[in-house]
Amino acid sequence: MKLQPRPRVPPVRAVERATAVLAALAEEDLRLVELAERLGLHKATVTRLLVSLAKAGLVERDETGRYGLGPAVLRLAARRLGGYRTLLDRLREPLRRINRETGETVTVHVRVGTDRVCVEEIESPQAIAYRAGVGQRAPLHVGSAGKVLLAFLPDEERAQVLRELRLVPITSRTITSAERLEAELARVRRAGFAFSSGERVVGASAVSVPVLDDEGRVLAAVSVLAPESRLTAREQSRCVAILKREIPRMPPAVAPARGAGAPSPARG
């Protein structure tokens with residue numbers, strides 16, 4: 001019996017365009033005009049796609065007017081990121097203590113490719129506070145969490161990520177020079193923490209430390225987020241001391257499976 005070839009199924013144009021929008025926003029946050037130009041589509045068409053994607057939580061618009069991937073993307077990737085659940089379970093009590101002692105928002109970010117993604121957040125009880133949002137992502141060169149995740153990678157892996165990373169400015173304080181970024185990463189490795197202010201959100205500051213396992217692998221970054229006016233130099237030092245005291249070394253068993261941007265064992 002001779003098998004007949006399957007009929008060719010034409011692609012659905014709307015789906016192709018929607019996935020093109022998501023792929024573009026996976027690289028960087030973009031304004032409507034920038035996104036339309038990149039995709040070669042009319043602004044009205046892109047607007048309709050964004051409305052549908054936003055309704056599903058796959059896309060959202062920030063206060064600067066840029067569109068980025070929404071929190072539903074993290075839910076869709078939950079299976080791939082599920083390896084972090086054991087890590088987060090072990091961090092739960094330390095995160096609560098950091099939140100109580102600092103009075104500020106505490107987050108956990110992990111690396112996914114050339115981005116950092118917030119996978120846990122305990123919000124500040126204060127009326128004026130800085131919040132990241134679970135599922136939010138940003139390029140690794142933006143903010144203290146990303147710099148920690150980059151700085152503590154093995155040399156070869158860090159060099160590879162830096163070659164792939166596009167140093168796109170989010171604010172006027174975003175580091176866009178490769179030389180300046182590498183110098184900052186060296187400082188972070190020496191100090192054991194990273195600080196940022198206004199690199200992603202003007203008026204917001206953060207201090208971060210790495211979560212390492214017993215083999216020296218960087219698994220995540222834990223951060224204290226606060227308005228710039230509260231995270232003074234003295235408060236930074238206090239928060240760093242709290243973070244370093246509370247964040248334990250992790251056994252290798254809590255490390256996520258390789259694949260979702262999971263780092264490799266440190267080699268120096």
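Numbering starts at 1 and runs along the sequence shown.
For the side-chain contact (heavy atoms from CB on, under 4.5 Å) criterion with V201, the lone passing option out of E63, R131, E228 is E63.
Relative to the ring axis of F152, R158 does not place its NZ or CZ within 45° and under 6.0 Å from the centre.
In this structure, L225 is not a member of the same hydrophobic cluster as L231, with clusters built from ILVMFWY side-chain heavy atoms closer than 4.5 Å. Criterion: ILVMFWY side-chain heavy atoms under 4.5 Å apart, direct or through other members. Under it, I170 and L25 are not part of a common hydrophobic cluster. A continuous path of ILVMFWY side-chain contacts below 4.5 Å connects L91 to I122, so both sit in one hydrophobic cluster. Follow the hydrophobic side-chain contacts under 4.5 Å out from V142 and you never reach V188; the two are in separate clusters.
Side chains of E164 and Q160: a donor on one and an acceptor on the other come within 3.5 Å.
Separating the OG atom in S208 from the CZ atom in F193 is a distance of 10.5 Å, to the nearest 0.5 Å. With rounding to the nearest 0.5 angstrom, the CD atom of E182 is 8.5 Å from the OG atom of S177. Remark: I98 CD1 to R245 CZ distance equals 8.5 Å, nearest 0.5 Å. How far NE2 of H141 is from CD1 of I175: 8.5 Å, rounded to the nearest 0.5 Å. Atom CG in D29 sits 9.0 Å away from atom CD in E60 (nearest 0.5 Å). L95 CG to E121 CD: the interatomic distance, rounded to the nearest 0.5 Å, is 11.0 Å.
Although no hydrogens or angles enter the test, the distance criterion places a donor-acceptor pair under 3.5 Å between the side chain of S124 and the main chain of G103. For R111 (side chain) and G113 (main-chain N/O), a donor-acceptor pair under 3.5 Å exists by modelled atom type. Checking side-chain atoms of E157 against main-chain N and O of P154 turns up no donor-acceptor pair under 3.5 Å. Judged by distance alone, the side chain of S196 and the main-chain N or O of S144 form a donor-acceptor pair under 3.5 Å. Side-chain atoms of T176 do not come within 3.5 Å of backbone N or O of P169 as any donor-acceptor pair.
Other residues, nucleotides and ligands contribute more than 12 heavy atoms inside 6.0 Å of the NZ atom of K244.
Note on R66 versus D62: no salt bridge recorded, every NZ/NE/NH1/NH2 to OD/OE distance being 4.0 Å or above. Looking at E235 and R230, no side-chain N of the basic residue comes within less than 4.0 Å of a carboxylate O on the acidic one, giving no salt bridge. Taking 4.0 Å as the cut-off between side-chain N and carboxylate O, E93 and R96 count as a salt-bridged pair. A salt bridge between E199 and R173 is absent, with no side-chain N of the basic residue lying under 4.0 Å from a carboxylate O of the acidic one.
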Working for side-chain contact (heavy atoms from CB on, under 4.5 Å), residues V110 and L219: CA-CA 7 Å; V110 298; L219 305 178; over 6 Å; no
